Amino acid sequence: MNHHRRIDEDWDYRGSIGSTHEDSSPWFPQQGSQDLPDIVLVVLDDVGFADLGCFGSEIRTPHMDAVAASGYRYAGFHTTSLCSPSRASLLTGRNHHAVGMRMLANVDSGWPSGRGRITRRAVLLSEVLRDEGYDTFCAGKWHIAPMEDVTPAGPFDEWPLGRGFNRFYGFMNGATSHYYPELVHDNHFVDPPAGPEAGYHLTDDLIRAGRDFIADHIAHRPDAPYFLYLPLGAAHSPHHAPPEFMNAVRGRYDLGWDQLRRSRYERQLRNGIIPPGTALAPDNPTIVPWATLDDEEKQIASRNQEAYAAFIEHTDHALGRLFRFIERSGRSDNTLTIILSDNGASAEGGRLGIPTRVLNFNGMRPTFDQMRAAFGSVGGPESDNAYAEGWAQAGNTPCKWYKTHTHGGGVRDPLIVSWPGRLESPGRILHQFVHVTDIAPTILNALDIEVPRKYRGASQMPIHGTGFDHTFDDPDSPTNKKRQYFEMFGHRGIWADGWKAVTHHTKGEPYGEPEWELYDLGTDFSESVDLSSSEPERLRALIDAWWHEAGKYDVLPLDDRRFELFRRTWPRPGDESLRTSYEYYPPVSHFDPIAAPPFEHGSHRIEALASAPFDGVIIAYGNSSSGFVLYAQDGELVYEYNGASGTIISTALDIPDSAHATLGFAFELGPDRTGRGRLSVDERTGEWLHFPHLLEFLAMSGMDVGRDSLSPVSASYPAPFPFRGRLSRVRITMEELMEPVQRRLDD
């Protein structure tokens, strides 16, 4: 197939050049591509194997179900068990350790496998397709750029426009509020176009952006194909859904997670999603029976699941608008549509759920009073919730364990592929083993496009995935995959020839052989019958194969650390966290917490040179769930600290009637995570304010200077509450950093 390449075309000039135009022959390269399909690639976030209607759920997803009815459902699809790694594998066709994304993009662990960025030796699908004439768009969650690069000043090399996309609209981190999102348009931060009071929701906005990208493409490049990558924030926590969708699911989950899981399992068997004879895996160890909860606990737990289900139903509704637009545009008959989830359902909510995710990052569990206080806001703009692990187990039916695990509950996910006129038996459910590394080669094989051996000066590593496009014509053909390893936070696994060896690793424990289990996935879809004792030789061979794959794909060293790697207590040399002085000259764009000073980890001083009128926000860090804010209001300088879920500590100091003033706050951090702070106006200081406990990880949202642009840190003012006077300069000085940050500075 002769595709139009947009690079190096003049090196193959086929005209003739004389001394003038009269004795020369012009030549023009071919424009457009020959009947290549448009591609829509939808990635759902933290949606379990059983969470879509077409995979056995009671959650109503008619538009995704319709795509499944016109295509194939792959019940043997597997991912890496975590978001950034799955996205890295999806877009490169390579294993995530090998390309530098062993875990989240928030972390550079110091290992080759954990740089938090995708090596330039692994060209992205977007880069290949753009060079083949595709118009490339991304609308949604990126989360494969190093988060220390996610500042208004970049560097932008690993942002979407630096990795093959012509347009981008979305967010850069792993999660964001769907009412107050931290938005980026192309290479710059932007405010949301409206607030929740006007009915704004991020999913609607992302779908609108994707639709607008396509509309502009059709208007100006109608003969060229487009690639729309749509990695939605749904249904990662916090679970946000409009009121009408919350009302539509009210009471649906009062039956509890035990009965819900059983009903999904029976529906999966009845509809052929799982093979006959598949067992429902035993409950995960920490699951409590629904019947043991009291009435108020059931009410709280049910409400959190209602928000999750409403979130997915709203997402499906929004996708329906996009699919109808593509159909109305006349391009749906030549559109390859792929829908998948990046990993299994998440158990971060614990027994009943959590009112704010910052508790998890600090190793804390909510009190029942905190859960009760948050009940009325679940699903709404002030919510930062996650649902209970019992619902996550039901989301992963019939498998066990969850997101981040290498058992089925972590790595088995829904996959839907539709391509009108190109699939032999639409509506089929296929059971071949498929991995997320196989998506890119499948697309490229179907388009007859080869991956370059060298891309922009970098020699390319081979594709690790195996295309499954042969199933398009022959849905009963066996998988071409030979083996696939798994590893995440010390959990390990390997699949080969229908067998799977897998571990559930306990953090801090030795990586020993007793951890390994063995399953025949040909007869045991849910990994319920451990054959390690009866098949020791087979298990030994698979363990040896895992070590071989680990060496081949840069999996080592094994590392079971998690949140401690991105609490910014271990900044690497050159990290912005090693600065001791920060200066801001407003206006300054909103930015991510990792680009902010390390407030949580050291004594510091805030000093603002201000002119009257003294009214508005000076610094806001975090959001309504947790953070701090320094602002002026009604003749007072005010500092508020929210240590999570409404635990407010505040102090105020009068501001004299003057034209100019230096407004400040000095904070001293104690070695036991207590602290004290006091306000200052010019040379006058207030009383010391004492903090009995300070969070190591405070902000789930970023920082503003001169306003509070998103979810307001304090309820004492209306956001964005911009400073009405002039802030000439805001300086933050880190005066003393706690160990081990100070030790790294000394080194």
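Quick caveat: nothing in here was measured; it's all calculated off a predicted structure.
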Donor-acceptor side-chain pairing of [X] and [Y] below 3.5 angstrom:
{"X": "Q268", "Y": "T397", "value": "no"}
{"X": "E58", "Y": "Y253", "value": "yes"}
{"X": "N642", "Y": "S626", "value": "no"}
{"X": "T356", "Y": "D384", "value": "yes"}
{"X": "Q393", "Y": "N284", "value": "yes"}
{"X": "S70", "Y": "S418", "value": "yes"}
{"X": "T437", "Y": "H435", "value": "yes"}
{"X": "T80", "Y": "S86", "value": "yes"}
{"X": "E382", "Y": "S377", "value": "no"}
{"X": "D51", "Y": "S57", "value": "no"}
{"X": "N385", "Y": "R357", "value": "no"}

Is [X] salt-bridged to [Y], cutoff N-O under 4.0 Å?
{"X": "D191", "Y": "R707", "value": "yes"}
{"X": "D45", "Y": "R87", "value": "yes"}
{"X": "D108", "Y": "R117", "value": "no"}
{"X": "R250", "Y": "E306", "value": "yes"}
{"X": "R167", "Y": "D135", "value": "no"}

Looking at every heavy atom in both S346 and K403, which two are closest together, and how far apart are they?
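Heavy atoms only, the tightest pair is CB-CD, 3.8 Å.
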Using every non-hydrogen atom in the two residues, find where T61 and L52 come nearest and quote the distance to one decimal.
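Closest pair (atom of T61, atom of L52, distance): OG1-C, 3.9 Å.
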Using ring-ring contact (aromatic ring centres under 6.0 Å, His included) as the criterion, list what pairs up with H217, not counting sequence neighbours.
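Checked H217 against ring-ring contact (aromatic ring centres under 6.0 Å, His included); matches are Y226.
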What's the separation between atom SG in C138 and atom OH in Y229, rounded to the nearest 0.5 Å?
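It comes to 6.0 Å.
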At what distance, to the nearest 0.5 angstrom, does CZ of F137 lie from CZ of F227?
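F137 atom CZ to F227 atom CZ measures 11.0 Å (nearest 0.5 Å).
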Ring-ring centroid check H405 H491, cutoff 6.0 Å:
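Centroid separation for H405 and H491: below 6.0 Å.
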Check for me whether the distance between the ring centres of H143 and F171 falls short of 6.0 Å.
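No, too far apart.
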Going by ring-ring contact (aromatic ring centres under 6.0 Å, His included), Y308 matches just one of W257, Y387, W391, F245. Which one?
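The passing option is Y387.
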List in chain and number order the residues that pass side chain to side chain contact (heavy atoms under 4.5 Å, CB included) with R208, two or more places apart in sequence or in another chain; answer none if no residue qualifies.
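Side chain to side chain contact (heavy atoms under 4.5 Å, CB included) list for R208, sorted by chain: Y169, D205, D212.
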Going by salt bridge (charged side-chain N to carboxylate O under 4.0 Å, His left out), name the residues that satisfy it together with R163, two or more places apart in sequence or in a different chain.
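Once residues adjacent in sequence are excluded, the partners of R163 under the salt bridge (charged side-chain N to carboxylate O under 4.0 Å, His left out) criterion are E127, E158.
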Looking at N173, T151, N106, which one forms a side chain to side chain donor-acceptor pair (under 3.5 Å) with D592?
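With D592 as partner, N173, T151, N106 yield a single side chain to side chain donor-acceptor pair (under 3.5 Å), made by N173.
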